[in-house]
Every structure is written in C-alpha cells, then in structure tokens.
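Single-structure report; data block below.
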Amino acid sequence: MIPTIPQSRSFRILYGGYVALFFLYLALPLTVVAVFAFNDSQFPSLPWEGFTWNWFFGAERPQIGVFHERGILRSVGTSAFVALCVAVMSVCVGTTNAFLFNRYEFRGKGFLYVLMLLPLVIPGIVLGISVLVFSSTLANGVWDMAQIDIQALRPGLLLVILGQFSFITTIATLVISARLQKFDRTLEEAALNLGADRLTAVRTITLPFLAPAMIGAVVVAFLMSFENFNTTLMLVGSDAPLTIAMFDRLKEGSTPLLNAVSLLLMLGSSLLALMLILFQKRG
Amino acid sequence: MRSQSRITFYLLLTPLVLWLGLLIIIPHIDMLLISLRERISFGVYETSLAQYEKALTEPLYLRTFWRTAVMSVLATALTLLIAFPVSYYIAKMAKGRLQQVLFLLCLIPFYVSELVRTFGWMILLRETGLVSNLLQWMGLVDRPVEMLYTDATMMVGLVYTSMLFMVVPLVTTLESLDDSVIEAGYDLGGSGLSVLREIIIPHAMPGIVSGCIVVFMLSLGNYLTPTMLGGKDSLWFTEMIYNQFIVRSNWELGAAFGFMLLVLSSVIVWGMLWLTGRTLKETMG
C-alpha cells in the first residue's frame, strides 16, 4: 500500500475481499482434485464415503491405485523420456542460439530473431499438424522413391519430441539469452590475455556463468513438455504420454484414480518449480 | 570476421537454421500446399481452392470459426479485467513477504497441467459435483443442476487456464512503476480514476499487450477446455481441425482449417501490436 494515498476503509476491505476471492477461484479446482483423490468411492464426487489410500496403493479391483496401474505407469515413463529428450535438445539449441544472437552481427539477424520468436504465437495444434503433414510427405516421398517405409516419420514418439522441441526451443533461447546479456565480456578477454584459447575461455568462464540459466531452462522445458497436450495430441502414436493417456480415460468417465495421478503431478511439478525458484534466488 | 570466428559463426547458425527450416517453415509451407489441393480420384490430386471454398461456404465451419475468434477475444478481455486489480494489489499494495507469497501462489497453478485444472472444474460443476450439492444443501435448488457444457462454463475454464499468463506480465510492469509517480498524480489533484487512466494504465501497457497476446493465443488454440467443459455444442475450431485430421483423415480440409486458424491468430496478434505501436521482439523477447 502506498501510505500517502488516502483510501477509505470500505474501499480497502472491498479490494482485499476481491483479491481473496480471486485466490479462492485460483485454488478451488486444484484443492478439489487433491481432496477427492482420497474418497473411498468409485466416482470423484460427493457424497464423501470416507478416507482411503487405495487410489494410490490399492492392488485389487475396483480400487486399483496409481502404483499398480500399469498403463498409467508406462505413460509416466513415456512422458519422462519425451520430456528429457526435449529438455536436452532445446537447451543445446537454445544455448547456441543465445551465443549467435548475442555475439554476432550479420545480415538478416533481426529477421531471424523474429522468426525464432514465431513458435510462441503459433497455436500448438497448428504446429502439431504442420509437423505431421511434413513428416508424412517425407515418408511418402521416400516410399515412392525407394519403397522403404520409415516408421519413425509416422505418428509416434519421435514426432512428439520434434513437435514439442519446435516451440520449447524458443523459450529455452529466451531464458538463456537473458542471462548471457548480463555477462561481462571483459572476463572472457581476461582469460584470453592469460593465454587461454577461445574455446577454453568459453568453457571455463562463460558456461559456468550461464549454468543457472541453462539448468532453469532444462527444468522449464521438462515441465512444459510433460504437460503439453495440444501439439502432442496431433502427433501421438501407440505410446501415449501421460496427458494423452489421462485424457482418454477422462473421456470414458473418471474415477478417483485420475485424482490421485493429478495430485502426484501437482506435487511433482510444484516441487520442481519451487526448487527452480530457490535455485535462481541463489544464482 | 576472422576465419576461426567465421567457422564458429556457421556452427552456431546451423542448429538455428535447421530447427526453423525443418520444423517451422517447411512444415507450414507443406501444410499450405496440402490445403490447396483437391482429391480427384484415388491418388490423383489437383491444385485448387476447393478446401477454402468448402470452409467458407459451409455455415457450420464458418460459424465455428467466428465463434472461436469472438469467444477468445471475450476470454482475453475478461482475463484482463479480472487480473488487473489483482496484479495491482500484488505489485503495489502488498509488501514484503506477503507480496512474495501471493506472487508464488499465482505461479503454482501455472506449473500444473491444463488437464488437471480442467478436471478440477468438472468435479466442481458437474451434475453430481460440489457446487450442485452445495446449492441443494442450501435449499436454493431442489434437484441436481448440470452446470457443465455451457458457454459460461467454458468461459470460466478459459479464463482460469490463461489467468497466470496475464498476471505475471502485469505484475512485472506494474512493479516497475515508481510509487512517487502515482503520488505525484494525486498531488496534482488527480482522482483515483484519472490516475488509473493517465498514469497506471499507460505505464502497464507493455504488460497488457503481451498478456493479451499470450492469453488470446492460448484460448484460440485451446482444445481441452472447450471439449471437456463445452460439451457437444462447444464448436471450437481446434476441435474441428482435430476431427478432420484424426477422425475423418481429411487432411486437405484439416490443413485448410489449420491455415485459417494461423491467419486469424496472426492478424489479431499483428493488429494488437500495430494498435499499440509495439514490435513482436519487444513484446515476446
């Protein structure tokens, strides 16, 4: 509150009430999802049938818990694999992009920069179909020419990874560029004066400076990939990542199993996010 | 450039060009080409505008297209209206620890998947859901009420999903506004409303624009919320794209739809940038 500005008591109460209401709106859906993960019933709705851990640890029908549900566990594995690939790839390309835009002046730089930003303003589903269409054009072309069917170009994990990579790289580039701009170039020059070659200087001085941003970008990219739905939906093959597997179940009708998975997801991603915030405060 | 530096330059340029070329530019050109062809018979195609003609003459397609656009604009406006006072509160009224905690509380749902958030609204609003039970318990209604599958519910979901992308840029720009400037506004005789209009909103404009662009994009491209909360008649354009591609395997029409969505989003984003005299680089980068 800016102390010198007079505000009537009723206005302050009204304003405070509005903000409180907003946070209630923000928290309500997530709380409900979490609470119903413990309801001893077939449906995630009232009446409350009592508390149970079965939706996590239950091993028998009808209450098979998350940790005994093979389909869900497999899709978590798939998601983690995809997210890891996307995170590593996008941070690598993001780092080279950051160096390129920070260190070099060349013709068409501004144009390339805007092009680099574009994936942020293309709807995810359009990114998905364009990758789908192009990869199948490629696959058909190869088939027509050599009668070889490249399975990797058909909907499946490779396409999911590429599709997510196509826009998450932009975010990684922005995160890493922001830190690189704060870097003091004289430090690198000092290393060169002390006899290091350029690569050694970058490796021992610049990259350690960038490390917090790169780790931050890995975490952000991992989370974004793990939760991506729109792009993945268009490119998914037989191995469904978690969001798609949950969506398929949700269409058939939900059980508190989905609440349990959701609660674990919330805990996992909040934990990662908190770690990221604490880590960046230190760095 | 020295020769070594030149090699490094090309080494750094290659990943960027490969990424943008192979995953963004060529795929979109390919999508455009597919949308421009018409199937004559098995395996025989001809270039034509037939898909676009179909999309623009079939009332259902056209209606869904405009409906998606209008609802997304509406969702963006609503999100801005709801988020602005809250962001101002976090940036200017709350101090110290409370400020940090409130901002963090805003961020946490951002890390939770959209599916989970939509699922939460389904549990709240369905016929056997919490709100329906609460209303019955309070005696306001005498039988279960179904609140899902209406436009209002869909709007609640859309606003909810993208709220954080509005709050974060708003808080950031509002924080950079010096308190003394606001005080000066009051000292010069401004009322709350005129200070808001003449000082606070102009200062927050960059945050407003980038927030609006992101929220609009997210609403326009949203698939989950309209499908899960909007029910059978939700008629969202992404849903039609999905149906053409995956359900009917009519890639030509699907690609045309995709291209129309892309054009629509570009026009509105560029329009917003043009109106406010900003560039994409300033807003996103």
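Letters A, B, ... mirror the listed sequences (proteins, then strands); counts begin at 1.
At a 4.5 Å heavy-atom cutoff, the contact between B/I246 and chain A is made by side-chain atoms alone. Looking at B/L16, both its backbone and its side chain come within 4.5 Å of chain A, counting heavy atoms on both sides. The contact between A/F101 and chain B is made entirely by side chain atoms (from C-beta outward), counting heavy-atom distances below 4.5 Å. With a 4.5 angstrom heavy-atom cutoff, A/M116 touches chain B via backbone and side-chain atoms both. Contacts between A/F22 and chain B at a heavy-atom distance below 4.5 Å involve the side chain alone, from C-beta outward. Neither the backbone nor the side chain of A/N228 comes within contact range of chain B, judged by heavy atoms closer than 4.5 Å. Contacts of A/L132 with chain B are made by both backbone and side-chain atoms, with heavy-atom separations under 4.5 Å. Proximity to chain B (any heavy atom under 4.5 Å) is shown, for A/T170, by both the backbone and the side chain. For a residue to count as touching a neighbouring chain, one of its non-hydrogen atoms must lie under 4.5 Å from one of that chain's; by this rule A/Y18 touches chain B with the side chain only. Both the backbone and the side chain of A/I122 come within contact range of chain B, with heavy atoms under 4.5 Å apart. Heavy atoms of A/L223 lying under 4.5 Å from chain B belong exclusively to its side chain. Proximity to chain A (any heavy atom under 4.5 Å) is restricted, for B/L104, to the side chain, taken from C-beta onward. Heavy-atom distances place the side chain of B/W251, and not its backbone, under 4.5 Å from chain A. Proximity to chain B (any heavy atom under 4.5 Å) is shown, for A/L138, by neither the backbone nor the side chain. Heavy-atom distances place the side chain of B/S265, and not its backbone, under 4.5 Å from chain A. The part of B/I213 that comes within reach of chain A is its side chain, from C-beta onward, which places non-hydrogen atoms under 4.5 angstrom from that chain. Both the backbone and the side chain of B/Y223 come within less than 4.5 Å of a heavy atom in chain A. Contacts between B/V131 and chain A at a heavy-atom distance below 4.5 Å are absent for every atom of the residue.
Nearest heavy atoms, A/L235 versus A/G128: CD2-O, 3.4 Å.
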Item checked: Chi angles and distances behind the side chain to side chain contact (heavy atoms under 4.5 Å, CB included) call for B/L196, B/F84 -> CA-CA 11 Å; B/L196 181 70; B/F84 197 86; 4.0 Å; yes

Checklist line | Verdict with supporting geometry, B/H28 and A/V126, side chain to side chain contact (heavy atoms under 4.5 Å, CB included) | finding: CA-CA 9 Å; B/H28 281 90; A/V126 174; 3.8 Å; yes

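The most heavy-atom pairs under 4.5 Å with chain A, out of B/A83, B/S113, B/S266, B/C106, come from B/S113. Most heavy-atom pairs under 4.5 Å with chain A, from the set B/W121, B/Y242, B/F119: that is B/F119. Ranked by heavy-atom pairs shorter than 4.5 Å toward chain A, the options B/M217, B/R117, B/M163, B/M122 are led by B/M217. Between chain A and the options B/L105, B/L220, B/I82, the largest number of non-hydrogen pairs under 4.5 Å is found for B/I82.
Between A/F106 and A/L112 the shortest side-chain heavy-atom distance falls below 4.5 Å. Side-chain contact between A/L180 and A/R103 is present, with heavy atoms from C-beta onward closer than 4.5 Å. Taking the side chain as every heavy atom from C-beta outward, A/P123 and B/T238 never approach each other to under 4.5 Å.
Of the N and O atoms on the side chains of B/T161 and B/E114, not one donor lies less than 3.5 Å from an acceptor on the other residue.
Distance alone, capped at 3.5 Å, is enough to place a donor-acceptor pair between the A/S79 side chain and the A/L242 backbone. Under a 3.5 Å cut-off, the side chain of B/E252 and the backbone N or O of B/I34 do not form any donor-acceptor pair.
Between B/F237 and B/F257, the ring-plane angle classifies as tilted under the 30° and 60° cut-offs. Note: B/Y89 and A/Y15 have perpendicular aromatic rings, judged against thresholds of 30 and 60 degrees for the angle between ring planes. Aromatic ring orientation, A/Y104 versus B/F9: tilted (interplanar angle from 30° to 60°).
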For a quick test of your reading: what N or O donor-acceptor pairs under 3.5 Å do the side chains of residues 17-27 of chain B make, sequence neighbours left out?
from: B/W19; atom 1: NE1; to: A/S166; atom 2: O; distance (Å): 3.0

